[in-house]
Amino acid sequence: MKFAQNAFLKAYKLNTKPEVTTDALYSYIKLTIEAGGDPLNDPVKIINTFLERNPSGPRTSEAYDLLAQLYMTSNNYSAALQSIEKSGKPNSKLAGVYQQLAFWQGIEYFNRNAYTDAVSYFDKALLYIPDKQLKLQTLFWKADAQYRQKQFSDAARGFRRFLQSPGAAQSELYGLAAYNLAYANFNQKQYSAAIQEFQQFLKQSGQRADLVNDAKLRLADSYFILKNYNTAINWYQKVISNGGNNADYALYQMAFSHGAQGDFDKKISTLYKLVSTYKKSLLYAEALYEMASTYSVIGNQRQAIVYFDKLVKEKPRTTFAKKGLVKMGFLYYNNNQYDRAIATLKKVVEKYPASLEAKEALNTLQNIYMDQGRVEDYFAYAKGLDFVQVSVSEEDSLTFTTAENYFIDNDCGRAIPAFKKYLQQFPDGGFVLSATHYLSVCAEKQGDEAGALAYYKQILSFPDNQYTVPALLKVARAYYDKKEYVASYDNYKRLGELAENKGMVLEARDVLMRCAFLNGDYNDARKQAAELLKTENVTEDQIVYAHYVLARSALELRQPAEAEKEFRIVDRLSSSELGAEAKYEVALNVYRQNKLDEAENIIYEMPAQYPGYDYWIAKSFILLADIYVARDNIFQAEQTLQSVIENYPGDDLKEVARGKLERLKPPEEQPGNKNNEEGGEE
């Protein structure tokens, strides 16, 4: 069929007799429609040019008929839509074509995460609505695109319009629309409306289990926020009974619901279930801290100390461990166990010298020594500390407070020189860390990215403190943006070890994978990709890129079978350029195994699956020319390469195609002919 297609096109271009030319064109168009398109020539452009030259010929109506069919098979939806728009108000047949083309162009942009463009084409699809089912789909995906842009008010109106449209209740998208509408209300803090919509969603049968579980969790959260704790507890219990990723969060929220009702025994027992069942939860340290604090509130000091101690031993690098040690010191102090209080509070200063908790511990130590009449012992201890948390003079404190007041008043213009003066006067002062933090905030507010970065790096030179994690995030991102991937890797690695926020953990694992890959450490890149794929809340885009890294790394490590397996996954999961690249790599690997028919079939799938990625389509068809050469079909190889040369917009692959076309000449015309077997690689 491809041979005949090329032959008719060539006959049309020869432009001999009008009847022959017209017949050749129509035959070419019919074959193109039957084949599903011609990726290297634009048949719409060709027939439009013909119609411009022959506006009233005897077969013009047939030409317009073929044009409508072409629009429906075209992969270039935008150009097809523009062509229809130029013709004025379309007739009923073309209106249906227009609706479908606009919808599929919107879906294509949606799949590329270009949501603003997607909405504009969905609006076009709603201009003419002969197909009521397609109208329903358009309403849904338009609202979904608005939701993904965080335009929650517009999205809510869109989902509501979908749900109220005739036939929507029978649509497979009905339940999902109810779910998304509920979330749009939830994100606007319209919790009563969100409750109604989540309940409406839960009435729909056959919905995905993960969405059902999530809807129950958000229902519980909504009731919790509205202080309807009994109902919140009932919904949290349903989530817990189902298990899954968020059962630990549901237990934590349930415990707080009991606490809000004053039922501290149930709060403690619920938290105990959390720490016993989910030891790897990111809420584990916080739950231990809350258990110990609650025991302290109800007067059970012994159990409070037991759980504070457990927290400090098991999660020593968390912020809750620091707070727990301080509270242990307070408990000992309040119980007149001075020696234990002093030992515990000194641990805070020694283990976390740059923290607010260390300053708090020092203040309490001062009070303990004063209660015992041992003020000299306190000053002897304080003078032996070489870290900045010790305030050495009243002037130190006053100078810092003056600068801090400027900062509190949002007057960075005066705060910056005041903090710099403080650091110059008191390089070992008690507020050096806080001053450096405030300077970083002011520098960022004033757009001084280099200055802010310098201060963040200074913060990272201190032992772990309350500013360490956000500073790590800023520094790691800055190094990544500057393409200093080794430094970025080191900072993200430390961030991944310290972060307690799920989003930060996810970002750290994602960028660790990217940095390892960009640094050429392919074994580590594979390791980090595997870790990312196991991470909670990993996004679809991250999943695709992780498999891409696995594929590329395997290729670099000379493991083509493993690379092909991962590229096939990328092709299956992605509609972006990564998918197009992956499909090409699969075709290339299959070609190298001499599976020519399979490679050809994969290449022919490329234009329909990835119509917007000309580079990979052209590259694939250069590989197709190699396949034709391997079969001794030189005519098809030449026609394929000529189509690339005529239609591909860039010069890079045109040169590759020209080189291959030259080498296809007979030996006497082009000595030294040697076909390249890399499918477009020179």
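In this structure, the side chains of Glu581 and Tyr613 stay at 4.5 Å or more apart for every pair of heavy atoms.
Classified by interplanar angle (parallel below 30°, tilted 30° to 60°, perpendicular above 60°), the ring pair Tyr179/Phe201 is tilted. Between Tyr584 and Trp616, the angle of the ring planes lies from 30° to 60°, which puts this pair in the tilted group. A tilted orientation is assigned to the rings of Tyr252 and Phe256, their planes being inclined by 30° to 60°. Ring geometry, Tyr422 versus Phe426: the interplanar angle falls from 30° to 60°, so the pair is classed tilted.
For the residue pair Tyr522/Asp524, the side-chain donor-acceptor check at 3.5 Å is not satisfied. For the 3.5 Å distance criterion, the side chains of Tyr492 and Gln528 fail to qualify, holding no donor opposite an acceptor. With hydrogens and angles left out, the side-chain atoms of Asn589 and Glu564 include a donor and acceptor closer than 3.5 Å. Looking only at atom types and distance, the side chain of Tyr480 has no donor-acceptor partner in the side chain of Asn491 under 3.5 Å away. Inspection of the Asn187 and Lys150 side chains reveals no N or O donor paired with an N or O acceptor under 3.5 Å. Glu536 and Asn245 share no side-chain donor-acceptor pair at under 3.5 Å. At a cut-off of 3.5 Å, with distance as the only test, a side-chain donor of Arg509 or Thr535 sits close to an acceptor on the other residue. Side chains of Thr468 and Asn465: a donor on one and an acceptor on the other come within 3.5 Å.
Between the side chain of Ser120 and the backbone N or O of Asp117, at least one donor-acceptor pair lies under 3.5 Å. Side-chain N or O atoms of Ser293 include none that pairs as donor or acceptor with a backbone N or O of Glu290 at under 3.5 Å. Under the 3.5 Å distance criterion, the side-chain polar atoms of Glu566 are left unmatched by any main-chain donor or acceptor of Glu562. Judged by distance alone, the side chain of Ser281 and the main-chain N or O of Tyr278 form no donor-acceptor pair under 3.5 Å. The main-chain N or O of Leu217 is never found under 3.5 Å from a side-chain atom of Tyr249 such that the two would form a donor-acceptor pair. Counting only distance, with no hydrogens or angles, the side chain of Asp144 and the backbone of Phe140 share no donor-acceptor pair below 3.5 Å. In this structure a side-chain-to-backbone donor-acceptor pair under 3.5 Å is missing from Ser276 to Lys273. Side-chain atoms of Ser296 never come within 3.5 Å of backbone atoms of Ala292 as a donor-acceptor pair (strictly under, hydrogens ignored).
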For this session: Evaluate side-chain contact (heavy atoms from CB on, under 4.5 Å) for Tyr438 paired with Phe400, printing each intermediate quantity in order.
Result: CA-CA 11 Å; Tyr438 288 142; Phe400 173 78; 3.6 Å; yes
For this session: Take Lys583 and Ile602 through the side-chain contact (heavy atoms from CB on, under 4.5 Å) test and state the conclusion after the steps.
Result: CA-CA 7 Å; Lys583 195 170 198 72; Ile602 293 169; 3.8 Å; yes
For this session: Please lay out, stage by stage, how Tyr191 and Lys189 fare under the test side-chain contact (heavy atoms from CB on, under 4.5 Å).
Result: CA-CA 5 Å; Tyr191 300 111; Lys189 300 184 179 180; 3.4 Å; yes
For this session: Show your working on side-chain contact (heavy atoms from CB on, under 4.5 Å) between Val432 and Phe462 and close with a plain yes or no.
Result: CA-CA 10 Å; Val432 169; Phe462 291 88; 3.7 Å; yes
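The environment of NZ in Lys351 is crowded: more than 12 heavy-atom neighbours from other residues, nucleotides or ligands sit within 6.0 Å.
Stacking of Lys445 on the aromatic ring of Phe407 is recorded, both the 6.0 Å distance cut-off and the 45° axial limit being met.
In this structure, Phe110 has its ring center under 6.0 Å from that of Trp141. Between Phe198 and Tyr183, the ring centre distance stays below 6.0 Å. Two rings, from Phe152 and Tyr147, have their centers less than 6.0 Å apart.
Electrostatic pairing of Lys279 and Glu314 does not count as a salt bridge here, judged by no charged N lying under 4.0 Å from a carboxylate O. Salt-bridge annotation for Asp464 and Arg494: present, with a side-chain N of the basic residue lying under 4.0 Å from a carboxylate O of the acidic one. A salt bridge links Lys493 with Glu497: the distance from a Lys NZ or Arg NE/NH1/NH2 to an Asp or Glu carboxylate oxygen falls below 4.0 Å. Contact check on Lys527 versus Glu531 returns no salt bridge, with no Lys/Arg side-chain nitrogen under 4.0 Å from an Asp/Glu carboxylate oxygen. In this structure, Asp214 pairs ionically with Arg218, as a charged nitrogen and a carboxylate oxygen lie closer than 4.0 Å.
Checking Glu484, Glu449, Glu507 one by one against Arg477, the salt bridge (charged side-chain N to carboxylate O under 4.0 Å, His left out) holds for a single residue, Glu507.
Considering every non-hydrogen atom in both Gly503 and Asn501, the closest pair reads N-OD1, 2.7 Å. Across every non-hydrogen atom of Val505 and Ala499, the tightest pair is CG2-O, 3.9 Å.
Distance check: Glu350 CD to Lys347 NZ gives 9.0 Å after rounding to the nearest 0.5 Å.
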